[in-house]
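Each remark here refers to the structure printed beneath this line.
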Protein chains: 2
Amino acid sequence: MTDSKRPGKRERLAGAAAKVLHEQGVERTTLADIARAADVPVGNVYYYFKTKDQLIQAAIDEHGRELDTLIAGLDRLETPQERLKGLVRGWMSRPEMTARYGCPTGTLASELDKRDDGLDKAIAAVMRRVLDWVETQFAAMGREDARELAVALFAAYQGVSLLTNTFREPELMTAEGRRLERWIDSLA
Amino acid sequence: MTDSKRPGKRERLAGAAAKVLHEQGVERTTLADIARAADVPVGNVYYYFKTKDQLIQAAIDEHGRELDTLIAGLDRLETPQERLKGLVRGWMSRPEMTARYGCPTGTLASELDKRDDGLDKAIAAVMRRVLDWVETQFAAMGREDARELAVALFAAYQGVSLLTNTFREPELMTAEGRRLERWIDSLA
DNA sequence: GTCTATATTGCGATAGAC
DNA sequence: GTCTATCGCAATATAGAC
């Protein structure tokens, strides 16, 4: 039996990493920041994660799990249109957070691309799972251009996240969400 | 009369900053990197720019000038549709560069948002000039929803830049460029 | 397993010779 | 105006006491 009150330190560190790396960015986040957010002493971090890279990897896994959960829920819906609109609603469900910090996976992908460790591949793999799922939905709608549409939909979300963040205007995201739902309905 | 062979050191530093900050990212670029790219001794940088922030500002101005030049050229075209398609072609004209390093202004906006200096406002102002111009074109086409369409078009570009970069697939960008041109034609 | 103290490195910025 | 040498600091990572 472990402590019944809250998750173990490893889990707390992984969760804090996902949150703080999103809010502050990878480069400006120190191990001390993550340790403080997880309520774990700084020096103790290295017992659970040997390097900062391993903490970033844990954050990527965390985001991947969240997206997998979202998509697993959507798979219970009847039609591909409903599933895609559900994804759009899930993506656009936190406009205030996006205005403040951007898309968790998108900002991470952008930052990790500039590093020479291999972590850009890890975040790309997470995003590719989403892209493939979207393509499957468009294919189920009988679209020959399913891949291209999947890229367009994912790009619309990523792009509006960046603009919403840059201009600090949550309304941009909600308006684009409505537009994309109409667009999906129009494709059938 | 100044040296006739190449631009002065200040201009060389500003140009090198725009290039290197795009390629390596703001946080991972050192003043030594920029100095080397500009062929200026490290210590001498401070004669022209007192802080790293001032060099970043110079890079933002550089990108702003490039976008203004592009748009000034487009304003000579006859119809708003032609002008918008011209912008799309301009945006999508370097897919290989985008696959390697992302959109120069988009990646900068994403990174500067995480800093506490005021530079995120400066890059946002540059991007707002472009967004406003796009809105003007849609308005000239008689669209009531010009702002929303402008956000959608700009977001489509920013989003596909991020995906093109993340997946290292220049083809994503060229395909989306064609799709957006067809979309503009369909709106008239 | 937990935590403190510290070694090490790399960068932004400065002092000052020329 | 130009450039070298170096200071001061912050952050990752480690050593080792408890």
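Naming convention: chains lettered A, B, ... in sequence-line order (proteins, then strands); numbering from 1 in each chain. Since we're looking at a predicted model, the values are computed, not measured. Only this structure's heavy atoms are used, side chains among them; waters, hydrogens and symmetry mates stay out.
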Next item on the list: Compare the minimum distances between each of C/dG12, C/dC3, D/dT12 and the side chain of A/Leu31, then state the nucleotide with the smallest one.
Entry: D/dT12

Checklist line | B/Phe49 CZ - C/dG12 C1' separation (whole Å) | finding: 16 Å

Item checked: B/Glu27 CD - D/dA10 C1' separation (whole Å) -> 13 Å

Note to self: Which residue in the set B/Asp116, B/Asp113, B/Asp117 passes salt bridge (Lys or Arg N to Asp or Glu O under 4.0 Å) when paired with A/Arg28?
What the structure shows: B/Asp116

Check: Only one of B/Arg83, B/Glu82, B/Lys85, B/Gln81 clears side-chain hydrogen bond (donor to acceptor under 3.5 Å, both in side chains) with B/Gln137; which?
Finding: B/Arg83

Next item on the list: Starting from the 5' end of DNA chain D, give me the residue, A/Arg28 or A/Lys50, whose nearest nucleotide shows up first.
Entry: A/Arg28

Next item on the list: Check every strand shown and say whether B/Tyr48 touches a base, only sugar-phosphate, or nothing at a heavy-atom separation below 4.0 Å.
Entry: sugar-phosphate

Notebook entry, point to check: For the pair made of CZ in A/Arg12 and P in C/dT2, what is the distance, rounded to whole Å?
Noted result: 10 Å

Margin query: Is the terminal nitrogen or CZ of A/Arg10 (NZ for Lys, CZ for Arg) located under 6.0 angstrom from the six-membered ring centre of A/Tyr47 and within 45° of that ring's axis?
Written below: no

Item checked: Interatomic distance where CZ belongs to B/Arg36 and C1' belongs to C/dG10 [whole Å] -> 14 Å

Next item on the list: Send over the distance from A/Ile56 CD1 to D/dT12 C1', rounded to a whole Å.
Entry: 12 Å

Item checked: D/dA13 phosphate, OP1 or OP2, under 4.0 Å from A/Tyr46 side-chain N/O -> yes

Margin query: Without decimals, in angstroms, what is the distance between A/Asn44 CG and C/dG1 C1'?
Written below: 7 Å

Checklist line | Candidates C/dT2, C/dC11, C/dA13 - which lies nearest the side chain of B/Thr51 | finding: C/dA13

Item checked: Spacing between B/Asp117 atom CG and C/dG12 atom P, to the nearest angstrom -> 13 Å

Next item on the list: Please determine, for the side chain of B/Tyr47, which listed nucleotide (C/dT2, D/dA11, D/dT2) has the closest atom?
Entry: D/dT2

Margin query: Given 3.5 Å as the limit, does a donor-acceptor pair link the side chain of B/Arg12 with the main chain of B/Asp39, or not?
Written below: yes

Check: For the ring pair B/Phe154 and B/Trp133, is the centre-to-centre distance below 6.0 Å?
Finding: no

Checklist line | A/Lys52, nearest nucleotide to its side chain (from D/dT12, C/dC11, C/dT4) | finding: D/dT12

